[in-house]
J.: 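Before I ask anything, here is the structure I am working with.
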Amino acid sequence: MKEDVQKIIKNSLVSLQGRWGLDAIPEVEIEIPRDESMGDFATTVAMRLAKPLKAPPRKIAEEIVAEIEDLITHAPPIEKGGRWGFDIFENIEIAGPGYINFKLKNSYFYNSLYQLLEEEHSSLRSDIGKGRRVQVEYVSANPTGPLHIGHGRGAAVGSALCNILRAAGYSIQSEFYINDAGLQVKLLGRSVYARYQQASGNDVPFPEDGYQGDYIESIARDIREEEGEKYLNRTFEDCGEFFTDYSYKMMLANLETDLKDFGVIFDTWQSEKELHAKGMVQDALNTLKDKGLLYEKEGATWFSSSEFGDDKDRVIRKQDGEFTYFASDICYHKNKLDRGFDTIIDIWGADHHGYIPRVRSVLEAFGLPREKFEVILIQMVSLLRHGEPVPMSKRSGQFVTLREVIDEVGTDVAKFIFLTRRADSHLDFDIEVAKEQSSENPVFYVQYAFARISSLFRQAAEKHVLDADVEDQSAQRNVLKEKIRQVDFSLLLEDEDFLLMKKILLYPMVFEGAALSYEVNRITFYLQELASVFHSYYNKHRILTEDSNLSLARLSMCRAVQVVLEEGLKLLGVSAPERM
RNA sequence: GCGCCCAUAGCUCAAUUGGAUAGAGUGCCUGACUACGGAUCAGGAGGUUGGGGGUUCGACUCCUCCUGGGCGCGCCA
């Protein structure tokens, strides 16, 4: 819809360019005026041209409008295949300081609606990505404990973003990075080891800063069941590897299950340990060394990250000879580049923001342009119950897990709440509000619109507006689709008809904006707006009337609402139920 | 002390990336079907966009200073 208008303006600018003696024509920004009386679309391009042309914007606007009108008069006839050409405007006018406002013909809306119903979901996707390969890494929680609600937010945002980018024509790989090599997993192993020994009466001290949760004892119990007292009274140095391996693998399986139940599935899982084992960390560091970006100081090895805008250089190998975590991160990000991605997106908790400059340094050192690396920061989630903060501390093992949230409020509710906010703003998640107010929860408002339309189709079958089985939704939809060419859309003449059609047809613009800005919440807001316009329409106008032609036209429009709702909810990873 | 993020209606959040009169939900007040699902709808009240200055045709948006909050600033991960 937007593209059609944009194309016409651009054409007119191209013809005017020579007359004006302009080197380049600016980007044609199209927007939707707040006030509907101003038209369906507007462009500010005349105002943008005021400066380079040294002319009053209204005068420039007049020239553009004249040119567009000329183009329309001499436009080629409507292209074959039902695509409309240039003659789509009811009215063009200049307003305010130099806005050009466009009002579209009714027939344009009818035709667009028809197109949507013919092509359904495929018409709602785009190819702005042109198959470019993008890697999105998210969650990447340490496998040392269960996922908490903050991870859930990251998971919801990450998977929705992947869905959106895929639908926008990017080739996406989603990945979970497993920190299975560091001290943290060793500490996990030590904690389990201690509980195992204690359970058999061997009173070994529990490690300082060890993991406190019940799950530690549960793993220790599992080991006792499987291995008996085989490791009793053996030192950690002796059998620690077994405990560490067993424990983190168990936690990892647990993470994967929780994520799966949350509807989040990764394409790949990359192990940090494997990077070390294959010597890739050493290789990556050698590459940096060859570039002259490593040096020795005070017995440690440093990376000159400050050459790429970091505050200071960073240690990659400690005095004791051990690699720092940052060393594997260097390797990991080089590995991402080696896999040939065009763009790399990392989704981190906001508390890691200080890490951005050094990772960016790494990628730049390996030749990735600045703008090809994007970090999306997920702000903290404050968990509340009846407005009271729930204290969370991973160390003490006191926190609400994602699993509990899923069980208590459900995935659809949780995801929708996560995705209604911008990722970078704080979120108060009141678990009781999410649960108790479930009937007035925004997610149900949107789902209800979908279910209501499903119900309309059942009614239509009952009343033989559509000849299909009452309980067979897809049969009903197919019958409507077969009839779609005969539907007289011009019966949609009420103001509310146009409000709803415009909202439906707005979807591609919102979707594209969300994909380009990586802002998932735009989809969530749009879906609420669409549901709202639909509910309002439903209350004011009857869909199934005595007039079967009118009924078909309105039912078709409702079907279009349904297709868009389904598409949007699917991107968010939220279900679209036919009954609630 | 330095750096990053945030500050918008009582509360939770938006605002087409610099556009026209800043919008939703929730809460509060008043209303609506003898037909399609009331998990709905219509209306009302609610704002100096934290504060000052600047950039320009135009600022919630960009720059600068201040206030208040969150988070970082290890040879931890």
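Residue numbering restarts at 1 for every chain, and letters A, B, ... go by the order of the sequence lines.
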J.: With heavy atoms under 4.0 Å as the rule, sort A:H535 into base, sugar-phosphate or nothing.
T.: sugar-phosphate
J.: Quote, to the nearest angstrom, the C1' distance that separates B:rA20 from B:rC4.
T.: 34 Å
J.: Need the glycosidic conformation of B:rU61: syn if within 90° of 0, anti if not. Which one?
T.: anti
J.: Taking atom types as they are modelled, would you say the side chain of A:Q379 forms a donor-acceptor pair with the base of B:rC6 within the 3.5 Å cutoff?
T.: no
J.: Reading nucleotides 9-20 of chain B from the 5' end, what letters show protein touch, with B for base, S for backbone sugar-phosphate only, - for no heavy atom under 4.0 Å?
T.: ---SSSSBBSBB
J.: Only pairs with both distances under 3.5 Å count, Watson-Crick or wobble alike; so what is the partner of B:rU55 in this structure?
T.: none
J.: Between B:rA9 and B:rG19, how far apart are the two C1' atoms, rounded to whole Å?
T.: 23 Å
J.: What is the distance, to the nearest angstrom, from the CD1 atom on A:I316 to the C1' atom on B:rG74?
T.: 16 Å
J.: Side-chain polar contacts of residues 354-364 of chain A - donor-acceptor pairs under 3.5 angstrom, sequence neighbours left out - could you list them?
T.:
{"residue": "A:R360", "atom": "NH1", "partner": "A:R370", "partner atom": "O", "Å": "3.1"}
{"residue": "A:S361", "atom": "OG", "partner": "A:S305", "partner atom": "O", "Å": "3.3"}
{"residue": "A:S361", "atom": "OG", "partner": "A:P357", "partner atom": "O", "Å": "2.6"}
{"residue": "A:E364", "atom": "OE2", "partner": "A:R370", "partner atom": "NH1", "Å": "2.4"}

J.: Give a yes or no on whether a donor-acceptor pair under 3.5 Å exists between the nucleobase atoms of B:rG72, that is its base, and the side chain of A:H352.
T.: no
J.: In whole angstrom, give me the gap between the C1' atoms of B:rC5 and B:rU61.
T.: 16 Å
J.: Partner of B:rC2 by Watson-Crick or G-U wobble geometry, both contacts under 3.5 Å, or none?
T.: B:rG72
J.: Could you pull out all residues at least two apart from A:E529 that satisfy salt bridge (charged side-chain N to carboxylate O under 4.0 Å, His left out)?
T.: A:K503
J.: Please report the distance separating the C1' of B:rC41 from the corresponding atom of B:rC36, rounded so that it comes out in whole Å.
T.: 15 Å
J.: Rounding to an integer number of angstrom, what distance separates B:rC65 and B:rG58 when you compare their P atoms?
T.: 24 Å
J.: With sequence neighbours excluded, give me every salt bridge (Lys or Arg N to Asp or Glu O under 4.0 Å) pair touching residues 550-559 of chain A.
T.: A:E120-A:R559
J.: What does B:rG31 pair with, Watson-Crick or G-U, if both distances are under 3.5 Å?
T.: B:rC41
J.: Take the protein atom CG of A:L49 and the nucleotide atom P of B:rC57, then report the distance between them rounded to whole Å.
T.: 14 Å
J.: Please report the distance, rounded to the nearest Å, between OH in A:Y355 and P in B:rG74.
T.: 12 Å
J.: Between B:rC75 and B:rU12, how far apart are the P atoms? Round to whole Å, please.
T.: 39 Å
J.: Strictly below 4.0 Å, N to O, side chains only: are A:K312 and A:E307 in salt-bridge contact?
T.: no
J.: Suppose the criterion is salt bridge (Lys or Arg N to Asp or Glu O under 4.0 Å): which pairs have a residue in residues 445-469 of chain A, not counting sequence neighbours?
T.: none
J.: When rounded to the nearest Å, what value does the distance between C1' atoms of B:rG18 and B:rC13 take?
T.: 23 Å
J.: With sequence neighbours excluded, give me every salt bridge (Lys or Arg N to Asp or Glu O under 4.0 Å) pair touching residues 507-519 of chain A.
T.: A:R422-A:E519, A:E519-A:R522
J.: With sequence neighbours left out, what residues match A:E496 under side-chain hydrogen bond (donor to acceptor under 3.5 Å, both in side chains)?
T.: A:K540, A:H541
J.: Nearest-Å distance, CZ (A:R314) to P (B:rC76)?
T.: 13 Å
J.: Starting at CD1 of A:I417 and ending at C1' of B:rG25, how long is that distance when rounded to a whole Å?
T.: 12 Å
J.: For a quick check, with a 4.0 angstrom heavy-atom cut-off, what is the B/S/- contact string for nucleotides 31-37 of chain B, read 5' to 3'?
T.: ----BBB
J.: Which comes earlier along RNA chain B counting from the 5' end, the contact point of A:R317 or that of A:G354, where each point is its nearest nucleotide?
T.: A:G354
J.: For A:D428, is there an ion pair with A:R421 - N to carboxylate O distance below 4.0 angstrom?
T.: no
J.: Suppose you measure atom P in B:rC71 against the same atom in B:rG31; what distance do you get, rounded to whole Å?
T.: 47 Å
J.: Tell me the interatomic distance from A:D320, atom CG, to B:rC76, atom C1', rounded to whole angstroms.
T.: 12 Å
J.: Would you say A:E546 has more than 12 foreign heavy atoms packed within less than 6.0 Å of its CD?
T.: no
J.: Could you check whether A:K186 gets within reach of a base, just the sugar-phosphate, or nothing at all, counting any heavy atom under 4.0 Å?
T.: nothing
J.: Excluding sequence neighbours, so at least two apart, what forms ring-ring contact (aromatic ring centres under 6.0 Å, His included) with A:F450?
T.: none
J.: Atom NE2 of A:H353 to atom C1' of B:rC2: distance rounded to whole Å?
T.: 11 Å
J.: For A:L183 and B:rC76, give me the distance from atom CG to atom P, rounded to whole Å.
T.: 8 Å
J.: Do A:R385 and A:D430 sit within salt-bridge range, that is, some charged N less than 4.0 Å from a carboxylate O?
T.: no
